[in-house]
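We count residues from 1, following the sequence as given.
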Amino acid sequence: QVQLVQSGGGLVQPGGSLRLSCAASGNIFSVSTMGWHRQAPGKQRESVAAITRYGRTNIADSVKGRFTISRDNANNTVYLQMNSLKPEDTAVYYCNADISPLGSSGSVSKYWGQGTQVTVSS
C-alpha cells in the first residue's frame, strides 16, 4: 500500500510565505515525477509545479518567481516553498507522485495526498 501524507498550509497574510511538504511511503519500488496541484472554490484543479527525480522542474506561469519546488529522493518527499503569497493563491493544495509499487512489474500509477488548505488573507 502506498500513501502520500501532506503537512504545512494554513492562514497567511498577503506577501507572506508558507512551505508545504509531502512524503510518500509504503511498498514503493520507485518514484518518478512528483508535484503539486491546487483547486480554488468553483475552479478546476490546476497544476502548480512538478519535479522529476533528476531535479528538472516545471512551474506554472501564475506562480513562477514566487513558488519553488524541491524534493528529497532519499525520503521520497517533495516540498513547495511559497513566497510573496497573494489572495488568488488561496486554494486546497494537493501533492501527487508517479509511483511504481513493489510487485507491480514496473506499472506506474499517480497517487494523491489528502489535500491541505492554504488561505491568503489579511
Side-chain angles (χ1 to χ4, degrees):
Q1 188 174 359
V2 175
Q3 63 176 352
L4 270 62
V5 178
Q6 299 179 215
S7 60
L11 174 65
V12 65
Q13 292 187 342
S17 298
L18 283 174
R19 190 193 197 204
L20 305 182
S21 301
C22 172
S25 63
N27 298 325
I28 295 172
F29 175 71
S30 67
V31 182
S32 53
T33 300
M34 304 183 81
W36 295 90
H37 280 62
R38 68 185 181 185
Q39 187 166 20
K43 295 187 177 181
Q44 289 188 333
R45 190 175 295 191
E46 63 175 353
S47 177
V48 176
I51 183 168
T52 70
R53 65 180 296 107
Y54 304 108
R56 185 168 185 172
T57 62
N58 187 29
I59 310 292
D61 288 341
S62 59
V63 303
K64 197 167 290 184
R66 300 188 295 120
F67 290 13
T68 303
I69 187 170
S70 61
R71 66 187 283 173
D72 176 355
N73 288 335
N75 293 298
N76 293 326
T77 300
V78 63
Y79 304 96
L80 186 68
Q81 177 66 42
M82 304 183 292
N83 299 327
S84 302
L85 283 160
K86 304 176 180 180
E88 51 262 45
D89 295 318
T90 295
V92 178
Y93 284 71
Y94 298 90
C95 67
N96 58 84
D98 295 332
I99 295 174
S100 177
L102 287 169
S104 67
S105 301
S107 176
V108 176
S109 298
K110 187 177 290 295
Y111 292 81
W112 294 86
Q114 79 274 21
T116 187
Q117 179 71 45
V118 171
T119 302
V120 185
S121 175
S122 56

What heavy-atom pair brings Val120 and Thr90 nearest, and what distance separates the two atoms? N-OG1, 2.9 Å
Atom OG in Ser70, atom CZ in Arg19: separation rounded to 0.5 Å? 6.0 Å
Counting distance only, does the side-chain N/O of Gln3 pair as donor-acceptor with the main-chain N or O of Gly26 below 3.5 Å? no
Looking only at heavy atoms, what is the nearest atom pair of Thr33 and Ala50, with distance? CG2-CB, 4.1 Å
Give the minimum heavy-atom separation between Pro101 and Ser107, together with the two atoms involved. CD-O, 3.6 Å
Shortest non-hydrogen contact from Ser17 to Asn83? OG-OD1, 2.9 Å
Counting only N and O atoms by type, is there a donor-acceptor contact under 3.5 Å from the side chain of Gln6 to the main-chain atoms of Leu20? no
According to the ring-ring contact (aromatic ring centres under 6.0 Å, His included) rule, which pairs have a member within residues 91-122, sequence neighbours left out? His37-Trp112
Once rounded to the nearest 0.5 Å, what's the spacing between atom CG of Leu18 and atom CE of Met82? 4.5 Å
Would a distance-only check, ignoring hydrogens and angles, find a side-chain to backbone donor-acceptor pair under 3.5 Å from Ser32 to Asp98? yes
Any chance you could measure Gln114, atom CD, to Ser7, atom OG, to the nearest 0.5 Å? 8.5 Å
Same apolar cluster: Val31 and Val108, side chain cutoff 4.5 Å: no
Which heavy-atom pair separates Arg66 from Leu85 by the least distance, and what is that distance? NH1-CA, 3.8 Å
Answer yes or no: is there an ion pair linking Lys86 with Asp89, defined by an N-O contact shorter than 4.0 Å? no
Rounded to the nearest 0.5 Å, what's the gap from OG1 on Thr57 to CZ on Phe67? Could you check? 14.5 Å
Do you know which two heavy atoms are closest between Gln117 and Val92, and how far apart they sit? OE1-CG2, 3.3 Å
Check whether Ser122 reaches the backbone of Gln13 with its side chain - one donor and one acceptor, N or O, closer than 3.5 Å. no
How long is the span from the OG atom in Ser30 to the CD1 atom in Ile99, to the nearest 0.5 Å? 8.5 Å
Answer with yes or no whether the hydrophobic clustering places Tyr79 together with Ile59; edges join I, L, V, M, F, W, Y residues whose side-chain heavy atoms lie under 4.5 Å apart. no
With the 4.5 Å side-chain cut-off for hydrophobic clustering, are Leu4 and Ile69 part of the same group? yes
Supply the atom-to-atom distance Thr116 OG1 to Leu80 CG, rounded to the nearest 0.5 angstrom. 11.0 Å
Per the side-chain contact (heavy atoms from CB on, under 4.5 Å) rule, which among Asn96, Val5, Asn76, Val78 passes with Cys22? Val78
In the structure I gave you, are the side-chain heavy atoms of Arg38 and Lys43 within less than 4.5 Å of one another anywhere? no
